Amino acid sequence: MPEKPIFGKYELGKVLGCGAFAKVYHAREINSGKSVAIKVINKSNISNTNGLSDKRIEREVSIMRQLQHPYIVRLHEVLATKTKIYFVMDYVKGGELFTQIANKGRFSEDLSRKCFQQLISAVNYCHSRGIYHRDLKPENILIDENGDLKVSDFGLSATTDQIQSFDGLLHTVCGSPAYVAPEVLTIKGYDGAKTDVWSCGIILYVMIAGYFPFYDQNLMLMYKKIYKGEFRCPKWTSPDVKRILSRLLDINPETRITIEEIIKDPWFRKGLKFIKFSEEEENKKNSLSNYLNAFDIISFSQGLDISGLFKSNNLVDDLERTVVEEESPESIIQRIEEMAKKENFRLKGKKEWGIEMKLQNGKLTISVDVYRLTERFVIVEVQKSGGDGGLYKDIWRNKLKPVILGQQIEEVQDSDSQLRFTRPGRSVG
């Protein structure tokens, strides 16, 4: 228990769980008295690793700040001190789905269907935003006081930005052995949406049967069973459930049922109540998701020192990040698009404020993302993948950088025949 409330806002209570790098506490918001869960991460723990853990944390927070859905644990805010990072999230009183199944032995078909409908609703929401969970299992699904699901733990999630351009697939082997799709274990790559559907099928089977469809104490033997895809449903399973399970647990991802097909399934649709968001709510959420929170700002800087973001002329010339003062994201993206079209770069639009450019027949990719820091400031993050580093530097310094800053290019007649970039009220040599 800390001597003082965290930032004068939260009082920590009992420990709800412990991980390799964090502890999760039940906490109380002082002003409202509302219960929340707070994940506390010691920064020294993640700084002593090989860098994979802190990248996983950054990814998890970046993803969770985009997700606001009734069946997904919501991240309310991220706070930080010099030594710790605090994730303030929904407090889900009922505990894990795994514990609920273990206590009951198994769920009834109606209860299994209700939980499965909510799970598919949450997963469909994630996929529509280019996010793939990759570790769906009852231990990562919580139950609230109303008996509704809350999907949690997005630490292994992937986004469309991680899909390899040469085959359109993901290649990182991850997930929990009993829930992992057969194609994840191959070197050929996999579709994140299809592997999530497989995991949903395992979860449905476990709820209905009370045990795994593919299991062996020997891990390699269990993987062989998964590869073969041979399983038996318990005798109390209805024909409709057997049918949808056979399609969910299809070892061929090409013929495996899709979420669109699941939603149309007669067994699934019985008593179905999907949560719909109004266009106004969606627009509001999209606009808020472009504002950076405390963790985003920390990830752009060194520790808690954000002075490195604000170099002379508001530009960090490290070929990766820049801060632009008093600009709108729309105007920056528009200027970049105009420049790219003029230079005959291949353009690909990204969600929210972002753009992707391909050069050298697709070998060099330059990705630009714009985030709001405040009403006056935005942060522009520029990254490259593949291609010629020398060409990228040339494009950055002579084309992309001046366009981001809204500078005009003038020829200067001097002994070195250099270029000068000018902008009203400021100049960069």
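Scope of the values below: all heavy atoms of this structure, side chains included, with no hydrogens, waters or symmetry mates. Predicted model only: the values in this text are computed from it and were never measured.
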Do the side chains of [Y] and [X] get nearer than 4.5 Å, heavy atoms only?
X: W198; Y: I251; result: yes
X: F7; Y: E77; result: no
X: F268; Y: R113; result: no
X: V61; Y: I85; result: no
X: P234; Y: T237; result: yes
X: D216; Y: K224; result: no
X: M357; Y: L400; result: yes
X: I6; Y: V88; result: no

Checking [X] side chain against [Y] main chain: does a donor-acceptor pair fall under 3.5 Å?
X: Y125; Y: Q68; value: yes
X: T159; Y: G130; value: no
X: N140; Y: L136; value: no
X: W396; Y: K401; value: no
X: K150; Y: P70; value: yes
X: T186; Y: P182; value: no
X: H133; Y: D153; value: yes
X: D90; Y: V92; value: no
X: R134; Y: L156; value: yes
X: S35; Y: R28; value: no

Nearest heavy-atom pair of [X] and [Y]: which atoms, and what distance?
X: V123; Y: C200; value: CG2-SG, 4.0 Å
X: I404; Y: R335; value: O-NH2, 2.7 Å
X: S157; Y: I131; value: CB-CG2, 4.5 Å
X: G354; Y: D369; value: CA-OD1, 4.1 Å
X: C174; Y: Y190; value: SG-OH, 4.1 Å
X: L245; Y: G201; value: CD2-O, 3.6 Å

For the atom pair [atom1] ([X]) and [atom2] ([Y]), what is the distance rounded to the nearest 0.5 Å?
X: Q117; Y: L149; atom1: CD; atom2: CG; answer: 10.5 Å
X: H26; Y: Y91; atom1: NE2; atom2: OH; answer: 4.5 Å
X: L359; Y: L364; atom1: CG; atom2: CG; answer: 5.0 Å
X: I163; Y: L169; atom1: CD1; atom2: CG; answer: 8.0 Å
X: L170; Y: Q162; atom1: CG; atom2: CD; answer: 7.0 Å
X: I208; Y: F107; atom1: CD1; atom2: CZ; answer: 10.0 Å

(message) Assess, by modelled atom type and distance only, whether the side chains of N42 and T83 contain a donor and an acceptor separated by less than 3.5 Å.
(response)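 Checked: N42/T83 side chains show no N/O donor-acceptor pair below 3.5 Å.
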
(message) Surrounding OH of Y223 (heavy atoms of other residues, nucleotides or ligands, distance under 6.0 Å), is the total greater than 12?
(response)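 Result for OH/Y223: enclosed.
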
(request) Take E109 and W267, measure what side-chain hydrogen bond (donor to acceptor under 3.5 Å, both in side chains) needs, and give me the verdict at the end. (result) CA-CA 10 Å; E109 184 173 315; W267 177 84; 2.9 Å; yes

(request) Kindly indicate, with the supporting measurements, whether the criterion side chain to side chain contact (heavy atoms under 4.5 Å, CB included) is fulfilled by L249 and F214. (result) CA-CA 10 Å; L249 300 180; F214 314 103; 4.3 Å; yes

(request) Show your working on side chain to side chain contact (heavy atoms under 4.5 Å, CB included) between I263 and R269 and close with a plain yes or no. (result) CA-CA 7 Å; I263 294 172; R269 293 194 65 82; 3.6 Å; yes

(request) Go through L248 and I262 one step at a time and tell me if the side chain to side chain contact (heavy atoms under 4.5 Å, CB included) criterion holds. (result) CA-CA 9 Å; L248 288 162; I262 293 172; 3.6 Å; yes

(message) Holding to side chain to side chain contact (heavy atoms under 4.5 Å, CB included), I want the full list of residues that pass it with E29, two or more places apart in sequence or in another chain.
(response)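 Y10, S32, K34.
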
(message) So, using side chain to side chain contact (heavy atoms under 4.5 Å, CB included) as the criterion, who are the partners of K23 when residues are at least two apart?
(response)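 Partners of K23 by the side chain to side chain contact (heavy atoms under 4.5 Å, CB included) criterion, ordered by chain and then number, come out as C18, Y25.
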
(message) Evaluate K39 against E60 for salt bridge (Lys or Arg N to Asp or Glu O under 4.0 Å), listing each step before the verdict.
(response) CA-CA 12 Å; K39 181 189 291 187; E60 181 176 7; 3.5 Å; yes

Using a strict 4.0 Å threshold on nitrogen-to-oxygen distance, state whether [X] and [Y] make a salt bridge.
X: R256; Y: E183; result: yes
X: D167; Y: K188; result: no
X: D250; Y: R247; result: no

(request) Apply side chain to side chain contact (heavy atoms under 4.5 Å, CB included) to K194 and T258, showing your working. (result) CA-CA 7 Å; K194 294 177 180 179; T258 64; 5.7 Å; no

(request) Scan residues 196-209 for pairs that pass salt bridge (charged side-chain N to carboxylate O under 4.0 Å, His left out), counting only residues two or more places apart or in two chains. (result)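 Of all non-adjacent pairs touching residues 196-209, none passes salt bridge (charged side-chain N to carboxylate O under 4.0 Å, His left out).
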
(message) Tell me if the centroids of the rings in F212 and F231 come within less than 6.0 Å of each other.
(response)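 No, they do not, as the ring centres are separated by 6.0 Å or more.
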
